[in-house]
Amino acid sequence: LVEGEKIMLPQKVHEAQKLALMEAVVKATVSDGVENLTTKAIGDLSGVKEVYIYRYFENKEDLVAKTFEAADERFLEFILGEFSIMSFEAADYDMRCRMLFEKCWRYILSYPDWLIFYVRYYYSRSFQKYSYEEHIKRYEILAEKVRPGCHPEADVMTVLHHLLDTLLGQAWKQIIRPRDIKQATDDTFWLLFSAIKGGKN
């Protein structure tokens, strides 16, 4: 058992350091933006030696891309985990959409720093260069779940990204300049629902 603990401890330390570096990327992006990120700032904020970045990641760009990937996967997993709401026969389609939206809305507002990082990276040149293709592949499973609510001839991935862009943009506004949460929630839902209502069969 003691020997086993000795073997396990370094792995736990490595995972903790990788997580600390990713969280530092988020903090640095919130304060400085994506284009101004430096490995020194990431090292200082994480409490992990700057040189360790290259132990766990290919370079700074890889670290930032992996941080986005982690956030992207968590958000997708959350949506998929809640998507069973759309099969509740006791509620009509409008109500099911509202219930799913509110789950997602509360989730992203609960992680303001991660949301700011996500949005800033999502609209950066780095996203297009390092993360776009994997992001599209990742969300194909959600696109298939959204498909029944769209017009048969619709480009479902385009519709899905319009929904995500709107959701993230409205959440960003709420975090940067908060307003009455009920009004913000209602307004955001109707912006989203209007995009799919017309295509519902």
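Just the heavy atoms: all of them, side chains too, but no hydrogens, waters or symmetry mates, feed the values below.
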Enquirer: Should the pair Glu102-Arg98 be classified as a salt bridge under the 4.0 Å nitrogen-to-oxygen rule?
Expert: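 Counted as a salt bridge, because a side-chain N and a carboxylate O are separated by less than 4.0 Å.
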Enquirer: Drop me the distance from Leu45's CG to Lys40's NZ, to the nearest 0.5 angstrom.
Expert: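 The NZ atom of Lys40 is 9.5 Å from CG of Leu45, to the nearest 0.5 Å.
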Enquirer: If you measure from CD on Glu89 to CZ on Arg96, what distance do you get to the nearest 0.5 Å?
Expert: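 Glu89 CD to Arg96 CZ: 8.0 Å, rounded to 0.5 Å.
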Enquirer: Output yes when Lys173 and Asp187 qualify as a salt bridge under the 4.0 Å nitrogen-oxygen rule, no when they do not.
Expert: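 A salt bridge is absent here (no side-chain N lies under 4.0 Å from a carboxylate O).
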Enquirer: List the atom of Glu35, the atom of Ser124, and the distance in Å for their closest heavy-atom pair.
Expert: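 Taking every non-hydrogen atom into account, OE2-CB, 4.1 Å.
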Enquirer: Check whether any side-chain heavy atom of Met99 sits under 4.5 Å from a side-chain heavy atom of Phe88, and report yes or no.
Expert: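 They are in contact (side-chain heavy atoms under 4.5 Å apart), so the answer is yes.
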Enquirer: Side chains of Tyr122 and Asp72: do they bring a donor and an acceptor to under 3.5 Å?
Expert: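 No, Asp72 and Tyr122 have no side-chain donor paired with an acceptor closer than 3.5 Å.
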Enquirer: Any chance OH of Tyr111 has more than 12 other-residue heavy atoms, nucleotides or ligands included, within less than 6.0 Å?
Expert: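 12 or below, so no.
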Enquirer: Tell me, yes or no, whether the heavy-atom count around Lys103 atom NZ, taken from other residues, nucleotides or ligands under 6.0 Å, exceeds 12.
Expert: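 Atom NZ in Lys103 is not crowded, with 12 or fewer foreign heavy atoms closer than 6.0 Å.
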Enquirer: Can you see whether Trp105 engages Thr185 through a side-chain donor-acceptor pair at a distance of less than 3.5 angstrom?
Expert: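 A pair is found: one side chain offers a donor N or O, the other an acceptor, under 3.5 Å apart.
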Enquirer: Enter the distance from Glu50:CD to Leu21:CG here, rounded to the nearest 0.5 Å.
Expert: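 If I round to the nearest 0.5 Å, the distance is 10.5 Å.
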Enquirer: Taking the side chain as C-beta and beyond, is there a heavy-atom pair between Leu80 and Leu142 under 4.5 Å?
Expert: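 Yes, at least one pair of side-chain atoms sits under 4.5 Å.
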Enquirer: Any non-hydrogen side-chain atom of Asn59 less than 4.5 Å from a side-chain atom of Thr39?
Expert: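 No, their side chains stay 4.5 Å or more apart.
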Enquirer: Charged N to carboxylate O below 4.0 Å: is that the case for Arg147 and Glu144?
Expert: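 Answer for the salt bridge query: yes.
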Enquirer: For Ser46, does its backbone N or O pair with a side-chain atom of Glu23 as donor and acceptor, under 3.5 Å?
Expert: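 No.
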Enquirer: Cys104 versus Leu167: any side-chain heavy-atom pair under 4.5 Å?
Expert: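 Side-chain contact under 4.5 Å: yes.
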Enquirer: Does Lys66 come within less than 4.0 Å of Glu69, counting only side-chain N to carboxylate O?
Expert: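 The answer is no: the pair does not qualify as a salt bridge.
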Enquirer: Testing the basics here: between Ser31 and Ala28, what is the closest heavy-atom pair and its distance to 0.1 Å?
Expert: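 For Ser31 versus Ala28, the nearest heavy atoms are OG-O, 3.2 Å.
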Enquirer: Output, in order, the C-alpha distance, side-chain angles, deciding distance and verdict of side chain to side chain contact (heavy atoms under 4.5 Å, CB included) for Phe127 and Val34.
Expert: CA-CA 10 Å; Phe127 170 76; Val34 174; over 6 Å; no
Enquirer: Using the six-membered ring wherever Trp is involved, compare the ring planes of Tyr118 and Phe68 and label them parallel, tilted or perpendicular (cut-offs 30° and 60°).
Expert: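 Tyr118 and Phe68: tilted rings.
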Enquirer: State, with a plain yes or no, whether a side-chain heavy atom of Thr188 is found less than 4.5 Å away from one of Phe101.
Expert: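 Touching, per the 4.5 Å side-chain cut-off.
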Enquirer: For Ile141, does the CD1 atom sit with more than 12 other heavy atoms under 6.0 Å from it, leaving out its own atoms?
Expert: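 Counting other residues, nucleotides and ligands, CD1 of Ile141 stays at 12 neighbours or fewer.
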Enquirer: Could you state whether Trp172 and Trp190 fall into the same hydrophobic cluster, counting links through intermediate Ile, Leu, Val, Met, Phe, Trp or Tyr residues with side-chain heavy atoms under 4.5 angstrom apart?
Expert: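 Yes, Trp172 and Trp190 fall within the same hydrophobic cluster.
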Enquirer: Does His162 use its side chain to pair, donor to acceptor, with the backbone of Thr158 at less than 3.5 Å?
Expert: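 No.
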Enquirer: When rounded to the nearest 0.5 angstrom, what is the spacing between CG in Leu37 and CG in Leu63?
Expert: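 Between atom CG of Leu37 and atom CG of Leu63 there are 8.5 Å.
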Enquirer: Determine whether more than 12 heavy atoms belonging to other residues, nucleotides or ligands lie under 6.0 Å from atom CZ of Arg179.
Expert: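 Enclosed.
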Enquirer: A side-chain contact here means heavy atoms from C-beta on lying under 4.5 Å apart; do Tyr123 and Asp165 qualify?
Expert: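 The answer is yes, as the side chains (C-beta and beyond) meet within the 4.5 Å cut-off.
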Enquirer: Would you say Val64 ends up clustered with Leu19 if hydrophobic residues are merged whenever their side chains have heavy atoms under 4.5 Å apart, either directly or through other cluster members?
Expert: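 No, no single cluster joins them.
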Enquirer: How far apart are the closest heavy atoms of Cys97 and Phe193, and which atoms are they?
Expert: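 Closest approach of Cys97 to Phe193: SG-CE1, 3.7 Å.
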Enquirer: Rounded to the nearest 0.5 Å, what separation is found between the OH atom of Tyr107 and the CG atom of Leu115?
Expert: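 If I round to the nearest 0.5 Å, the distance is 11.0 Å.
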Enquirer: Could you tell me whether Glu58 atom CD has more than 12 heavy atoms of other residues or ligands within 6.0 Å of it?
Expert: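 No, the 6.0 Å shell around CD holds no more than 12 heavy atoms from other groups.
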Enquirer: Within the structure provided, determine whether Ile53 and Lys60 are in side-chain contact (heavy-atom separation under 4.5 Å).
Expert: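 Of all side-chain heavy-atom pairs linking Lys60 with Ile53, none is under 4.5 Å.
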Enquirer: Cluster question for you: counting only ILVMFWY and a side-chain heavy-atom cut-off of under 4.5 Å, with indirect links fine, are Phe57 and Tyr54 together?
Expert: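 Linked, Phe57 and Tyr54 end up in one cluster.
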Enquirer: For the hydrophobic clusters of this structure (ILVMFWY residues joined by side-chain heavy atoms under 4.5 Å, transitively), does one cluster hold both Phe189 and Phe78?
Expert: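 Yes, one cluster joins them.
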Enquirer: For Asp113 and Val26, which heavy atoms make the closest approach, and how far apart are they?
Expert: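 Nearest heavy atoms, Asp113 then Val26: O-CG1, 3.4 Å.
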Enquirer: About how many Å separate OH of Tyr139 and NZ of Lys145, when rounded to the nearest 0.5 Å?
Expert: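 Taking NZ in Lys145 and OH in Tyr139, the distance rounds to 14.0 Å.
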Enquirer: Could you check whether Glu15 and Gln11, counting side-chain N and O atoms only, form a donor-acceptor pair closer than 3.5 Å?
Expert: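 Yes, side-chain donor-acceptor contact under 3.5 Å.
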Enquirer: Using a strict threshold of under 4.0 Å (side-chain N to carboxylate O), is an ion pair present between Asp32 and Lys27?
Expert: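 No.
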Enquirer: Search all heavy atoms of Met22 against all heavy atoms of Thr67 and return the closest pair with its distance.
Expert: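 Shortest heavy-atom separation between Met22 and Thr67 comes out as CG-OG1, 3.3 Å.
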Enquirer: Looking at every heavy atom in both Ala143 and Val156, which two are closest together, and how far apart are they?
Expert: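 Looks like O-CG1, 3.2 Å.
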Enquirer: Please tell me whether Leu168 and Leu191 are part of a single hydrophobic cluster in this structure, the criterion being side-chain heavy atoms less than 4.5 Å apart.
Expert: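 Different clusters.
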Enquirer: For Tyr52 and Gln17, which I'm curious about, is there any donor-acceptor pair between the side chains at under 3.5 Å?
Expert: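 No, Gln17 and Tyr52 have no side-chain donor paired with an acceptor closer than 3.5 Å.
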Enquirer: Does either side chain, that of Tyr121 or that of Ser131, offer a donor lying less than 3.5 Å from an acceptor on the other one?
Expert: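 Present: a donor and an acceptor within the cut-off.
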